[in-house]
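Worksheet for the structure shown next.
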Number of protein chains: 2
Amino acid sequence: MSDRNRTQATERPEPARRRRGKELIAAIHQAALEETAEQGLGRIGMEGIARRAGTAKTSLYRRWSSPEEIVLDALYHVLPVEEPSPMADDLRGDLIAALTLMRDKFMQPFYGAVVTAILAEAQRNPELRERLYGEVFEPRGGRFTRTVLYHYAERGKVDPARLTPVVLDIGEALMIKYGVDEAKLPDDAYIAAIVDQAILPALGHDAGCDTGGRGRPAG
Amino acid sequence: MSDRNRTQATERPEPARRRRGKELIAAIHQAALEETAEQGLGRIGMEGIARRAGTAKTSLYRRWSSPEEIVLDALYHVLPVEEPSPMADDLRGDLIAALTLMRDKFMQPFYGAVVTAILAEAQRNPELRERLYGEVFEPRGGRFTRTVLYHYAERGKVDPARLTPVVLDIGEALMIKYGVDEAKLPDDAYIAAIVDQAILPALGHDAGCDTGGRGRPAG
DNA sequence: CGAGATAGATACGCTGACGTATCTAATAAG
DNA sequence: CTTATTAGATACGTCAGCGTATCTATCTCG
């Protein structure tokens, strides 16, 4: 066979196939997130992303002007849009479902590492911060127990006066702290404990003082 | 006067004073933390730290072998060792005091940025993680509401069965989440809200179901 | 099939950090 | 004052990423 390679015959067969458009972009997004997860936002670069994506720097600069742009774009396209939705008449079950969704969709090791890296950067970079919350988190939801709590409040199952900013954050706050401290994901039992020991008591639904059927506005 | 500068006469007067030992080390620590706060752990380097500390790279390599070493060392020496101690017979007041201490000593913009940067790095670097928790956080305390809660549990003012890992983390978790989300420090009112709306209810001391003088094991 | 668009390979000069070596100058200890 | 330490300045050679330019190969669309 004739040697059609410009470099060396001993490399990979070089399928000579050429990705473009969405396919190429998706590969670049993926590469950018992987690099960020492995190295942190501070250490990534165009060169590294291009290498990992198996493309040329030229192709990156054609669309983005910095690694951060790529990562932000990637995160937006890759983050799931799900919200807790089922909502039977089961507050506890739905709270657990919401936090489980958070864990399984937003805290998997891969996203987790990326999000942590970006949040750290955003802490020092107000512009990145704006874009992160404005362009990525807000449109992508990221409201878990909140959605559930408002739902039950509307139906009179939860006292709306209890739904302060603090209370709305309890579940997510504990999930995040666990992830940071333990460097692993909370298991089902821990999630249940968050709901039973922190969220429900804060709503006044405390097993210990039993507000089982009174003290709430009529539905 | 005679020109005794080796470089240029237009530089700073060059006091020709030379720091050594602790004084020098402290300056380097400070510089390392500042660099980290500004650039993030991923972007700091020996060169930058030396420049900011106004010393020579040589002096850094004499004691440390990487920027990370310096930062970890710096954090250890710089983090305050305080613990919430006063402890009147005022659970609510002491919880508030503990979280206020956390805010004022550990979350000031400067430390906050450094700690966030390092935590992000530790998320991907198990070895750094070990050292961070083992060499810095543990020996430096970092237990705020925990100390208070155990204290009151020992005196029978709080049901020990309530002091689960989840409950012990509520206050700190909410403080952290606030800091990350808002990029600013919680004010006194927010801290009070954390205590009143999240921690006390989780202890069974809920204003809403009023355990004011009963339901606790006798002291 | 042919034209226009888009990817890919490569080379370039530039800059900045790396880690080391070397030498001089300030300081502390005796 | 003398001597042993320890800082500071500087100069390497090396390496890797930067952002751009150029040219070719592949793909899409009409």
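Nothing here was measured: the structure is a model prediction, and the numbers come from that model. So you know, we letter chains A, B, ... as the sequences are listed, proteins then strands, and number each from 1. Worth knowing before you read on, the calculation uses all heavy atoms, side chains too, and leaves out hydrogens, waters and symmetry mates.
Between the C1' atom of D:dC27 and the CD atom of A:E23 lies a distance of 12 Å, rounded to the nearest Å. Taking atom NZ of A:K22 as the reference point, atom C1' of D:dC27 lies 17 Å away to the nearest angstrom. Distance B:Q39 CD to C:dA17 C1': 13 Å, rounded to the nearest Å. Rounded to whole Å, the distance from CD1 on B:I49 to P on C:dG16 is 18 Å. For B:R17 and D:dA7, the CZ to P distance is 13 Å, given to the nearest whole Å. Spacing between atom CG of A:L60 and atom P of C:dA9 amounts to 12 Å, rounded to whole angstrom units. B:E47 places its CD atom 6 Å from the P atom of C:dC18, with the value rounded to the nearest Å. Straight-line distance from the NZ atom of A:K57 to the P atom of C:dC12: 13 Å, rounded to whole Å.
B:R143 has a carboxylate O that lies under 4.0 Å from a charged side-chain N of B:E138, or vice versa, which qualifies the two as a salt bridge. A salt bridge between A:R103 and A:D188 is present, with a side-chain N of the basic residue lying under 4.0 Å from a carboxylate O of the acidic one. Salt-bridge check for B:K157 with B:D90: failed, with every basic side-chain N at 4.0 Å or more from each acidic carboxylate O. Salt-bridge annotation for A:E23 and A:R18: absent, with no side-chain N of the basic residue lying under 4.0 Å from a carboxylate O of the acidic one.
Between B:Y190 and B:Y178, the two ring planes are tilted [angle within 30° to 60°]. By the 30° and 60° cut-offs, the orientation of the rings of B:F144 relative to B:F106 is perpendicular.
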Protein-nucleotides 5-7 of chain C N/O pairs under 3.5 Å:
residue	atom	partner	partner atom	Å
C:dT6	O4'	A:R20	NH2	2.5
C:dA7	OP1	A:G21	N	3.3
C:dA7	OP1	A:R63	NH2	2.1
C:dA7	OP2	A:R63	NH2	3.3
C:dA7	O3'	A:R19	O	3.3
C:dA7	N7	A:R62	NH2	3.4
C:dA7	N3	A:R18	NH1	2.8

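Considering every non-hydrogen atom in both A:R19 and A:A27, the closest pair reads NH1-CB, 3.5 Å. Nearest heavy-atom pair across A:R129 and B:D181 is NH2-O, 2.6 Å.
With contacts defined as side-chain heavy-atom distances shorter than 4.5 Å, the pair A:R52/A:E38 qualifies.
Listed by residue number, the members of residues 66-74 of chain B with any heavy atom below 4.0 angstrom from DNA chain C form an empty set.
Stem regions annotated for DNA chain D: C:1-30 with D:1-30, counting only runs of 3 or more consecutive pairs of Watson-Crick or G-U type with both contacts under 3.5 Å.
Side-chain proximity of B:T58 to D:dC18, C:dT10, C:dT22: nearest is C:dT22.
Atom CG of B:L99 sits about 6.0 Å away from atom CD1 of B:I191, to the nearest 0.5 Å.
Within the 3.5 Å criterion, the main-chain N or O of B:T145 finds a donor-acceptor partner in the side chain of B:E172.
One finds no side-chain N or O of B:R51 lying less than 4.0 angstrom from the OP1 or OP2 phosphate oxygen of C:dG16.
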